[in-house]
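Following: one structure in structure tokens, then a few remarks.
Predicted model, so just to flag it, every value in this text is computed and none were measured. Each chain gets a letter, A, B and so on, in the order its sequence line appears, and its residues count up from 1.
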There are 2 protein chains.
Amino acid sequence: MSTAAPTPRESSSGPDGLPSALGHEMPIGGSSAVKKDGLEHSRDTFITHWAEMGSSWGVPRSVAEVHALLFIEGRAMCADEIMDRLQVSRGSVSMTLRTLADWGIVTKTRLRGDRKEYFEAEQDVWNLLSLIVRARKRRELEPLLAALDDTRQAAVGDTTASAAEMKNHLARLDSMHDALRRLDRLSDRFIGRGGKGLDVAVRLLSSFL
Amino acid sequence: MSTAAPTPRESSSGPDGLPSALGHEMPIGGSSAVKKDGLEHSRDTFITHWAEMGSSWGVPRSVAEVHALLFIEGRAMCADEIMDRLQVSRGSVSMTLRTLADWGIVTKTRLRGDRKEYFEAEQDVWNLLSLIVRARKRRELEPLLAALDDTRQAAVGDTTASAAEMKNHLARLDSMHDALRRLDRLSDRFIGRGGKGLDVAVRLLSSFL
DNA sequence: TCAAGTTTTCAAATATTCTTGAAATCAATG
DNA sequence: CATTGATTTCAAGAATATTTGAAAACTTGA
């Protein structure tokens, strides 16, 4: 978390402030009728669209929503505040935050004088994208590459297939494997460790327009 | 979903336990009891893994399965053959093929002397990946960029928020928008038109390792 | 160690997405 | 232009995925 968030806080109880008694601040997006200003509405809109994109990429809507909230608020929030604002259950928020923490795009922070855990989202967009890509590479691309190896083995053992068929089959598997492996290695280099790798890669390519 | 987990695929027999007339539990293969050679088994494995990856990226399993089948067979197939091989309904195959055709990774072909339509998958992997990226860019990235513009407008109109808050909010929106737009433009250049654009981009980056 | 505050877990309930199957539509042929 | 074969549509049903809620398990402070 190199580029730590500024975490502009303004609410009632600051981080360095007193133990905020009970987290019973004014419900922000809850059931109680709260008049939203334009900024608040803009945040809602962002959350909605980010969640929509996420769900079309296989990220559970509520995971994307929580992430969007933390990103657009730009400050550490506790589970209570999140569930109140997003109107989701405590259990859901807990699982969701764990997922986001696993991906590395949200980090726990403890505020002194407060027993609750707080969470904040990576604020640097290139870093955010890197972390997402890295997580998916690990979880999906690498297993697929391994599986393609197995798939190849399953074919090679066969003796009944015609030589021509076998050759074509292996060629297809190999072309797929090679392309994916190349992407895998590229990402090792450019997003392997946190930082500006992705940014650099994009600038590099842009310069060749 | 995305968390790698055992994925139960085979549905049990009928709701009332009716012994499914013809269906003995068999993996992906055809309806008739055919002994599979290694090559066939290898194809099944490929289809399974490709489908799994697809579904974790938000592509319906059966869409990924049909695509995997067409890719790994490397030849034109008709709906009947596909539904027989994958054990899915005619309607499903029809919708699935339309989806794949929309993405441009599968194309219709007519065989003379045959009233059926045949379909075959793009065989060049870089081209395949380009087509996939292009489709998703159009369908998801571009709408998101447009939405971010609206989101920004919603904020700018507000006069009640503090100047500092507003400034930070807009900075977040803008950093996100700028990063995504840059990716959007890059893809215009490198995968905008079919061909080896992606391949070129990857080679370019690789050369900077 | 207890007690109070917090978080995690997970079976059940809910919501969403996918598949089916048969009728409707379309297209080629005689 | 009727017939036959093929494809598409789409409402209902099935399968999956997600969310809830409350109990269990932590944690911390005294």
Is there a donor on the side chain of Arg115(B) or the base of dT29(C) sitting less than 3.5 Å from an acceptor on the other? no
Please figure out whether Ser55(A) or Ala79(A) has its closest DNA chain C nucleotide nearer the 5' end. Ala79(A)
Salt bridge or not for [X] and [Y], using N-O below 4.0 Å?
{"X": "Lys167(A)", "Y": "Asp174(A)", "value": "no"}
{"X": "Arg181(A)", "Y": "Asp149(A)", "value": "no"}
{"X": "Arg75(A)", "Y": "Glu120(A)", "value": "no"}

Would you mind reading off the distance between [X] atom [atom1] and [N] atom [atom2], rounded to a whole angstrom?
{"X": "Leu86(B)", "N": "dT19(C)", "atom1": "CG", "atom2": "P", "value": "10 Å"}
{"X": "Asp84(B)", "N": "dT20(C)", "atom1": "CG", "atom2": "C1'", "value": "17 Å"}
{"X": "Arg61(A)", "N": "dT14(C)", "atom1": "CZ", "atom2": "C1'", "value": "15 Å"}
{"X": "Leu100(A)", "N": "dT7(C)", "atom1": "CG", "atom2": "P", "value": "16 Å"}
{"X": "Met77(A)", "N": "dT6(C)", "atom1": "CE", "atom2": "C1'", "value": "17 Å"}
{"X": "Glu117(A)", "N": "dT27(D)", "atom1": "CD", "atom2": "C1'", "value": "10 Å"}
{"X": "Asp80(A)", "N": "dT8(C)", "atom1": "CG", "atom2": "P", "value": "12 Å"}
{"X": "Arg90(B)", "N": "dA24(C)", "atom1": "CZ", "atom2": "C1'", "value": "15 Å"}

Output all residues satisfying side-chain hydrogen bond (donor to acceptor under 3.5 Å, both in side chains) with [X], sequence neighbours left out; order by chain, then residue number.
{"X": "Ser56(A)", "result": "Glu140(B)"}
{"X": "Asp150(B)", "result": "none"}
{"X": "Thr48(A)", "result": "none"}

From dT20(D), dT8(D), dC18(C), nucleotide with atom closest to Lys108(B) side chain: dT8(D)
Among residues 91-99 of chain B, which ones have heavy-atom contacts with DNA chain D below 4.0 Å? Gly91(B), Ser94(B), Met95(B), Arg98(B)
Scan residues 95-109 of chain A for pairs that pass salt bridge (Lys or Arg N to Asp or Glu O under 4.0 Å), counting only residues two or more places apart or in two chains.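 Residue pairs with at least one partner in residues 95-109 of chain A: Lys108(A)-Glu117(A).
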Under the 3.5 Å Watson-Crick or G-U criterion, the dot-bracket string of DNA chain C, with | for inter-strand pairs: ||||||||||||||||||||||||||||||
Side-chain donor-acceptor pair present, His169(B), Ser42(A), cut-off under 3.5 Å: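 Note: His169(B) and Ser42(A) side chains meet the donor-acceptor criterion.
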Measuring from Arg185(B):CZ to Leu145(B):CG, what's the distance to the nearest 0.5 Å?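 Those atoms lie 9.5 Å apart.
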